[in-house]
Protein chains: 6
Amino acid sequence: MTDPFFLPVSGFELPRFAGPATFMRLPHLTPDHPRVPEVDIGLIGVPWDSGTTNRPGPRHGPRQMRDLSTMIRAENGATRIRPFERATCADLGDVTINPSDIQDSMTRITEFYARVIGQGIRPLTAGGDHLTSLPVLRAVASMGPVGMIHFDSHTDLFHSYFGGTMYTHGTPFRRAVEEGLLDPTRVCQIGVRGSTYDREDRDFAASVGIRIIEIEEFHARGVDDVMEEARAIAGSGPTYVSYDIDFVDPAFAPGTGTPEVGGPTSYQALQVVRALRGVDIVGADVVEVSPPFDASGATAYLGVQIMFELLCMMVQSDKH
Amino acid sequence: MTDPFFLPVSGFELPRFAGPATFMRLPHLTPDHPRVPEVDIGLIGVPWDSGTTNRPGPRHGPRQMRDLSTMIRAENGATRIRPFERATCADLGDVTINPSDIQDSMTRITEFYARVIGQGIRPLTAGGDHLTSLPVLRAVASMGPVGMIHFDSHTDLFHSYFGGTMYTHGTPFRRAVEEGLLDPTRVCQIGVRGSTYDREDRDFAASVGIRIIEIEEFHARGVDDVMEEARAIAGSGPTYVSYDIDFVDPAFAPGTGTPEVGGPTSYQALQVVRALRGVDIVGADVVEVSPPFDASGATAYLGVQIMFELLCMMVQSDKH
Amino acid sequence: MTDPFFLPVSGFELPRFAGPATFMRLPHLTPDHPRVPEVDIGLIGVPWDSGTTNRPGPRHGPRQMRDLSTMIRAENGATRIRPFERATCADLGDVTINPSDIQDSMTRITEFYARVIGQGIRPLTAGGDHLTSLPVLRAVASMGPVGMIHFDSHTDLFHSYFGGTMYTHGTPFRRAVEEGLLDPTRVCQIGVRGSTYDREDRDFAASVGIRIIEIEEFHARGVDDVMEEARAIAGSGPTYVSYDIDFVDPAFAPGTGTPEVGGPTSYQALQVVRALRGVDIVGADVVEVSPPFDASGATAYLGVQIMFELLCMMVQSDKH
Amino acid sequence: MTDPFFLPVSGFELPRFAGPATFMRLPHLTPDHPRVPEVDIGLIGVPWDSGTTNRPGPRHGPRQMRDLSTMIRAENGATRIRPFERATCADLGDVTINPSDIQDSMTRITEFYARVIGQGIRPLTAGGDHLTSLPVLRAVASMGPVGMIHFDSHTDLFHSYFGGTMYTHGTPFRRAVEEGLLDPTRVCQIGVRGSTYDREDRDFAASVGIRIIEIEEFHARGVDDVMEEARAIAGSGPTYVSYDIDFVDPAFAPGTGTPEVGGPTSYQALQVVRALRGVDIVGADVVEVSPPFDASGATAYLGVQIMFELLCMMVQSDKH
Amino acid sequence: MTDPFFLPVSGFELPRFAGPATFMRLPHLTPDHPRVPEVDIGLIGVPWDSGTTNRPGPRHGPRQMRDLSTMIRAENGATRIRPFERATCADLGDVTINPSDIQDSMTRITEFYARVIGQGIRPLTAGGDHLTSLPVLRAVASMGPVGMIHFDSHTDLFHSYFGGTMYTHGTPFRRAVEEGLLDPTRVCQIGVRGSTYDREDRDFAASVGIRIIEIEEFHARGVDDVMEEARAIAGSGPTYVSYDIDFVDPAFAPGTGTPEVGGPTSYQALQVVRALRGVDIVGADVVEVSPPFDASGATAYLGVQIMFELLCMMVQSDKH
Amino acid sequence: MTDPFFLPVSGFELPRFAGPATFMRLPHLTPDHPRVPEVDIGLIGVPWDSGTTNRPGPRHGPRQMRDLSTMIRAENGATRIRPFERATCADLGDVTINPSDIQDSMTRITEFYARVIGQGIRPLTAGGDHLTSLPVLRAVASMGPVGMIHFDSHTDLFHSYFGGTMYTHGTPFRRAVEEGLLDPTRVCQIGVRGSTYDREDRDFAASVGIRIIEIEEFHARGVDDVMEEARAIAGSGPTYVSYDIDFVDPAFAPGTGTPEVGGPTSYQALQVVRALRGVDIVGADVVEVSPPFDASGATAYLGVQIMFELLCMMVQSDKH
């Protein structure tokens with residue numbers, strides 16, 4: 001059984017609004033804490049939005065997600081999984097990024113994750129904008145390219161912005177493919193929609209074998225059918241799951257920098273994660289939660305519910 | 001025909017934003033008003049949240065629900081029922097609860113409702129947190145246990161909180177069964193979801209025969225099928241309807257203390273009430289509307305629409 | 001090809017939050033600008049809410065819709081239409097209405113639109129409350145009655161308010177039929193719902209042949225089936241499209257004066273416009289966006305997405 | 001002593017958030033209520049903003065001011081006056097204005113006030129935009145011109161707007177002087193500031209003898225000195241007090257349509273009213289509270305505190 | 001020098017928005033942490049509002065105050081005090097109160113503080129409503145009555161509410177005097193204002209020798225003069241400082257349950273604390289910060305600045 | 001007289017909420033517009049916040065400031081200056097910064113300003129965070145160092161952040177002194193306050209001769225006395241005015257990233273600018289307005305009022 005040290009404080013003992021906030025009321029371990037090596041899954045914040053080309057704010061995501069995550073209880077009502085009893089989980093704090101230097105920040109993120117992964121810990125990340133996934137993948141895929149199931153209203157596969165800027169939240173997976181971090185034939189993007197500049201991203205996807213399931217196809221086929229295909233694409237190999245909160249319709253997730261209307265409901269937002277059973281998840285993230293555009297906290301609240309569903313899937317993987 | 005005294009002021013005469021706000025622009029009758037005995041259905045506020053274990057606020061519910069209820073017009077667009085012409089309705093004011101004493105408040109509530117019911121009035125309540133339903137049921141079920149159709153994302157069937165606290169908004173129906181106010185075999189709970197502490201509430205429900213239709217089953221079967229079962233469970237006996245606004249997805253009803261994502265839409269929120277035709281409704285409530293977490297008023301607005309749908313069902317009962 | 005002068009500024013060059021805001025980043029042409037005659041489709045604001053009988057605010061709609069429209073990119077992701085390359089589009093500014101005089105304002109609006117239409121420009125309007133459509137139709141239908149596809153939760157077909165007031169946002173289409181601006185047998189209203197004063201509007205509709213598809217029918221039949229009927233009603237003749245943002249459920253479009261719960265999703269909100277292919281659209285509007293009730297801007301954002309979908313349909317009409 | 005029927009409900013008995021909201025928890029008497037003739041001072045709402053040339057919203061003022069006025073207790077802490085025990089006060093409801101017709105509304109307002117004043121009741125008004133004061137003055141000054149002490153950041157003395165529109169919230173006192181309702185030599189305007197179109201209003205004031213104390217003079221001289229002069233100008237004759245909430249700095253009163261920065265504090269906002277001792281107040285109003293621009297309710301809350309201070313001055317007048 | 005373990009993380013190293021939030025970025029020590037005995041001053045949260053008779057919310061105060069306290073840097077700009085280097089400070093977490101049981105909660109609070117004080121730690125509290133001060137004083141004054149300097153717009157000296165309820169946020173200091181926790185002749189209350197029920201509290205104060213400096217006197221005399229008197233009243237004995245955030249004008253501190261207009265500015269709010277030099281502060285609190293009524297966080301932000309000023313005064317006391 | 005082309009549209013003709021928003025309703029001239037050379041004073045937006053080390057948002061400043069600047073009228077009420085008739089003014093649009101590259105953005109800004117200044121136009125800037133002032137000064141001071149009057153709650157004189165990052169909003173004037181853009185003996189900083197990391201910035205100021213007037217001195221001496229000294233420091237040479245909106249107390253200007261409580265009122269915020277008469281202003285800016293933290297727009301509104309006061313001072317300079 002899990003050591004009580006690693007169990008969340010119960011809301012029956014301490015009310016949910018009380019106490020300093022950590023992810024899901026787990027213990028907060030600084031990098032040098034002696035019990036870090038016991039951890040199986042580490043919840044990590046990346047308070048960073050230097051890749052944002054439009055409305056900033058995700059740097060505040062981890063703080064608000066910690067706050068609202070204290071509403072999460074011990075057991076998943078739908079799947080009956082009790083993740084904190086099946087794996088040793090902890091809040092590993094935030095990466096100490098540099099808000100004024102993109103390259104410096106990316107180096108810091110990769111180093112943080114490389115150290116964590118080197119201790120046998122699988123990371124579950126609260127971003128941060130979507131550029132966060134690139135330095136994380138540099139650590140996650142250090143042994144070879146991984147597959148990816150990617151929920152988003154954008155492909156994030158563009159070449160560059162503003163006359164040659166290569167590192168923005170619209171380019172991380174273009175870079176990841178170029179750097180050999182992703183196996184594009186094992187990548188599936190779900191929920192893409194909205195107006196577009198052009199089709200340069202789609203052409204790139206087609207050229208390397210990335211499968212894009214646009215929202216019209218998603219709505220027409222339904223969650224079960226779409227996710228069966230996604231699982232098949234990812235296959236049995238190591239797979240990263242990247243979840244941009246703007247995948248969900250802005251009525252359910254208003255607090256994000258580049259919302260696109262016409263998306264899935266919150267119920268579908270959970271269902272797609274529950275359909276990841278059997279996938280070998282080597283890491284996951286929830287990104288683009290932007291508290292300044294989310295006065296009520298509804299977006300961060302949905303974001304942490306998705307993190308909880310991801311966690312429940314991560315503890316089910318046989319290999320870990 | 002209804003005496004014009006009991007008809008709401010029309011928005012064609014006085015704009016909807018004008019005038020002191022009463023429920024649905026009905027006359028406000030204080031308890032000693034001489035025309036109280038003429039009333040068939042009394043709309044009552046219970047401005048109380050002392051049972052709240054998490055985020056408070058429902059004490060402000062009746063005030064804001066009165067405000068937004070002035071948007072309601074004379075006729076139900078879907079069912080064509082004109083409730084104010086089929087039954088004599090009035091705003092009976094708020095119960096004078098004591099915010100600093102739970103037991104005192106429960107006594108006050110039960111006494112208020114006993115007096116109302118003693119005058120032949122069926123109550124339609126605007127809460128207040130869900131503990132409100134317990135003292136109301138003590139008056140409603142004074143002649144014997146009633147059935148209940150209960151819309152909620154939580155069962156509210158827990159034994160106790162915080163080391164033995166028996167009266168919270170998470171325990172009212174456990175108490176109601178223990179006190180013989182509810183016939184558990186005639187109780188159906190719909191919409192339950194979210195993470196849970198444990199399964200102590202579900203075990204209790206199973207042991208006494210309460211039927212729980214969780215949200216996954218609700219989404220899979222649809223409103224018509226689920227509600228047919230609910231009506232069968234309630235049967236032809238006297239039935240209370242309790243509607244926690246957190247039944248609805250927080251995108252449609254953000255202003256509540258313990259929201260759970262993945263719920264029904266506002267259209268489904270109305271449909272489930274319209275499906276209560278034929279049920280012998282002896283009382284109903286809409287609870288957990290929390291204005292401090294509902295800056296736009298959208299939740300109170302949906303709440304009063306649900307109250308209006310409940311009212312339209314209450315006027316259809318043959319026995320009353 | 002379109003002259004670069006008439007192409008929106010790309011977000012790859014100038015970030016979307018930068019620069020003075022015009023509709024969709026198109027050039028703003030004052031009425032006397034020498035290039036006005038080149039324009040095919042003019043985007044026009046009518047900052048006016050004097051017809052509002054309830055909560056005011058749509059006078060602020062054009063300003064906020066311009067602001068949020070800078071998020072729109074060159075190509076429709078669903079239909080792949082690039083409207084700015086298929087038609088010459090421009091922001092023609094706002095009509096200089098008089099907030100203190102309804103009749104004066106209606107005259108100013110009709111004159112503005114008559115001049116625009118006289119230059120061969122089809123108008124796409126950002127309202128304003130729904131009374132806006134009446135003076136616009138007086139210009140659009142100057143050559144004879146037009147058909148109309150009308151998305152709304154209200155019929156706006158009432159005779160009068162407040163003891164004889166004939167010009168409010170609840171009466172424009174009653175007046176338009178009376179004035180011979182609309183051919184009622186070619187009018188289809190979709191999405192009507194909510195409580196009603198009485199059935200005077202529905203009786204009028206029935207008497208002149210207007211088809212009303214209420215929300216229950218909409219939800220039961222689905223977008224494709226309903227819109228096939230709507231296209232058939234409009235037929236091949238000149239047709240106006242009027243889109244009241246309160247057609248959409250208030251979870252997706254909270255910022256409006258008279259919301260009605262139980263409406264379509266944002267995805268359906270877009271689908272119904274995409275289903276207008278083949279309709280001969282001689283003008284269109286999006287009305288009742290009310291920024292003071294829309295703190296987050298979500299409603300204006302959805303409103304401009306709908307304007308973009310309407311624009312994509314307008315550029316497809318063969319006759320223009 | 002005052003009949004208990006006319007005393008506000010105490011917050012020690014019923015919590016302040018409970019019960020339908022009336023002004024200061026006084027009884028709400030409809031115009032035909034038999035006890036109206038007993039009333040000395042009537043609190044009246046005018047939910048109207050048709051005179052607004054900029055941002056609308058004051059039509060919602062009376063509703064929100066009633067709501068927040070339930071925070072007011074029995075005794076003025078500074079002056080120790082207990083107004084409800086010194087005069088018979090009641091909430092006389094709202095005037096049934098017509099939001100779509102300015103002239104009709106002005107007629108309705110004047111008739112309502114003429115009837116009230118004819119019963120010997122002095123009116124204390126919650127507006128409404130500042131045009132409200134004109135039809136009120138037509139009733140108040142029916143026996144001859146009155147003096148006025150006017151707190152505002154604008155003079156509201158302009159001739160017309162938008163090419164000849166004579167009735168807006170920027171013109172009421174120009175009309176009132178023209179109509180002989182005000183004796184301009186007994187009028188003092190305090191707090192005027194902000195950028196201006198031109199000096200047409202100031203020139204008019206100078207020509208008829210209205211004294212304007214601009215904000216720079218107010219800040220330099222202080223409340224006591226300024227108010228001594230104001231009292232001297234008003235003299236011992238009948239005097240109306242008109243209080244535009246935008247007199248106060250927008251940090252203290254953000255919810256108004258045309259705020260001007262650099263104004264008095266909330267403490268000064270109260271002090272100027274307390275300095276009205278000895279003035280023969282025949283009526284008073286607080287106008288331009290605009291709830292849609294006042295999410296927190298702070299402006300309405302300050303507005304009702306000012307109404308309470310005005311009430312305390314009105315009960316002190318010897319003549320009434 | 002202070003052990004680096006007890007120094008706040010610098011914003012030059014980790015951006016202020018990053019990392020789990022503790023009070024002023026100090027280490028969070030659970031009650032059983034081995035380094036607790038080293039602490040001189042403990043920052044403690046009491047997330048509790050069961051004493052609130054009006055608008056609830058202060059239970060959320062400690063969480064939001066921790067969040068915003070990460071903006072505080074190492075040195076007081078005005079006094080140049082660097083408190084974290086002059087005393088060993090730590091975040092001791094929140095008391096595990098019971099939101100559904102007032103007496104149980106008061107017992108828990110007193111026990112928590114008794115244990116802390118028993119370890120030689122002086123407490124600096126973030127409330128919580130003002131009833132919080134009573135159970136804290138039971139621990140602080142366990143050796144004998146203390147003096148108190150009390151900033152507030154209310155006296156909190158009432159006997160009871162709602163027909164005999166003795167423990168509310170309007171009664172703590174009546175109880176504290178009765179229980180011998182306060183020496184009333186060494187108590188000074190500053191800033192009292194607003195409308196009142198009656199003068200029962202003032203009469204009690206006069207009868208036991210409590211000095212009340214109402215806001216009119218405060219504004220007339222100024223901070224320096226008033227505070228000189230306050231220091232003289234407190235004298236050289238052990239003194240508690242209780243700071244209700246509603247002391248400050250609601251323009252500066254809107255997020256509180258019972259605001260009173262006409263109060264001090266934020267600059268005065270700081271000055272009064274800086275004037276406590278020489279007072280022997282045995283404990284202090286900042287209470288009534290209510291996040292649900294403080295959407296922007298401004299109130300919590302001012303609250304933590306006041307806590308920081310209090311901390312700077314506490315480290316200067318010679319005796320500790 | 002000024003060509004009508006360069007006069008703002010009057011609110012008497014077009015309501016203030018109507019029309020696309022430009023700064024103060026001036027004509028918007030793109031860089032290649034043929035009438036640019038006629039301009040005396042150019043209003044320019046710099047939508048940029050890459051220098052922000054804490055809460056981002058100022059990139060949205062120019063958009064919202066344009067929106068709210070439409071409330072400004074032709075004449076300064078306090079000084080009676082009509083600036084648009086004394087100088088030719090225009091909105092020159094926004095600099096096309098690159099949100100993902102600080103150095104690239106600084107180059108773009110300097111080039112834009114160099115071109116503008118080369119045409120004889122004095123710039124009045126709406127930021128942007130405070131790093132904006134550095135690239136602007138590189139253009140303004142291209143002929144030699146200038147003096148500066150600087151309103152701010154921070155010195156912005158730090159050496160570096162995060163282990164060597166030299167270009168942030170906390171360092172611009174350190175760089176400007178190092179680069180010879182400012183004559184430190186002619187620099188006066190006013191309003192500095194709040195907690196500090198250390199005194200490294202103050203030590204630097206002292207070493208080069210910058211005069212810092214902290215807030216305690218400001219409050220003690222008053223506006224007139226302080227500004228007389230500031231004018232003396234700046235002398236008769238060319239002087240830049242930099243106005244960080246966080247100079248003002250956050251009750252008046254909440255929408256900024258690093259607010260500091262205890263600051264000046266809005267009236268003082270205007271007075272300090274009016275006291276710049278006689279200063280030879282070669283350029284000015286208002287920076288750090290952050291709309292995401294300013295839901296009501298109050299901060300942008302105050303910001304544009306300050307811009308208007310600056311403009312009125314700029315048109316008075318004899319030399320220009």
Side-chain angles (χ1 to χ4, degrees), chain E residues 8-18 24 68-85 222-224 248-254 263-274 294-309 311-312, chain F residues 52-57 153-155 158-165 168 170-171 191-202 212 214-220 246 248-268 290 292-296 298-299:
Chain E
V9 181
S10 168
F12 274 180
E13 292 172 18
L14 181 68
R16 306 212 148 270
F17 48 78
M24 302 184 194
L68 287 159
S69 76
T70 62
M71 301 281 269
I72 289 179
R73 307 177 191 86
E75 179 172 323
N76 187 311
T79 62
R80 299 204 183 183
I81 296 170
R82 298 177 71 86
F84 310 112
E85 297 171 13
V223 166
D224 290 348
V248 194
D249 190 89
F252 301 85
T265 66
S266 66
Y267 186 60
Q268 293 171 319
L270 303 178
Q271 279 181 306
V272 294
V273 182
R274 292 171 189 158
D294 185 37
S296 72
T299 311
Y301 185 58
L302 179 57
V304 296
Q305 300 288 351
I306 292 168
M307 282 183 75
F308 183 68
E309 297 290 343
L311 181 64
C312 290
Chain F
T52 300
T53 58
N54 194 354
R55 307 188 305 176
S153 65
H154 311 94
T155 64
F158 281 95
H159 178 269
S160 59
Y161 280 62
F162 309 122
T165 301
T168 79
T171 66
V192 175
R193 63 185 182 274
S195 63
T196 62
Y197 295 115
D198 52 37
R199 301 193 70 78
E200 193 260 348
D201 58 332
R202 316 292 171 100
I212 298 175
E214 304 208 18
I215 199 68
E216 290 76 23
E217 184 176 350
F218 177 87
H219 283 306
D246 71 23
V248 194
D249 189 90
F252 301 85
T256 193
T258 315
E260 303 290 349
V261 302
T265 66
S266 66
Y267 186 62
Q268 293 171 319
S290 182
F293 292 89
D294 185 36
S296 71
T299 310

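Naming: A, B, ... by sequence-line order, numbering from 1 per chain. It should be emphasised that the depicted structure is a prediction, and the values quoted were computed from it without experimental measurement.
- Both the backbone and the side chain of F/Thr258 come within contact range of chain E, each with at least one heavy atom under 4.5 Å from a heavy atom of that chain.
- Distance check: E/Arg80 CZ to F/Arg202 CZ gives 7.5 Å after rounding to the nearest 0.5 Å.
- In this structure, chain E has heavy atoms under 4.5 Å from both the backbone and the side chain of F/Pro259.
- Within the 4.5 angstrom heavy-atom criterion, atoms from both the backbone and the side chain of F/Asn54 approach chain E.
- The parts of F/Glu216 that come within reach of chain E are both its backbone and its side chain, each placing non-hydrogen atoms under 4.5 angstrom from that chain.
- The choice from E/Ser10, E/Gly11, E/Pro254 that makes the most heavy-atom pairs within less than 4.5 Å of chain F is E/Gly11.
- Proximity to chain F (any heavy atom under 4.5 Å) is shown, for E/Ala78, by both the backbone and the side chain.
- Taking 4.0 Å as the cut-off between side-chain N and carboxylate O, E/Arg73 and F/Glu260 count as a salt-bridged pair.
- Proximity to chain E (any heavy atom under 4.5 Å) is restricted, for F/Thr53, to the backbone atoms N, CA, C and O.
- For the atom pair F/Phe162 CZ and E/Glu13 CD, the distance stands at 10.5 Å (nearest 0.5 Å).
- How far OG of F/Ser195 is from CE of E/Met71: 9.0 Å, rounded to the nearest 0.5 Å.
- Within the model, atoms OG1 of F/Thr165 and CZ of E/Phe12 stand 10.5 Å from one another, a figure rounded to the nearest 0.5 Å.
- Across every non-hydrogen atom of E/Ser266 and F/Val261, the tightest pair is OG-C, 4.0 Å.
- To the nearest 0.5 Å, atoms NE2 (F/His219) and OG1 (E/Thr265) are separated by 7.0 Å.
- Taking OH of E/Tyr267 as the reference point, atom CG of F/Asp249 lies at 11.5 Å (rounded to 0.5 Å).
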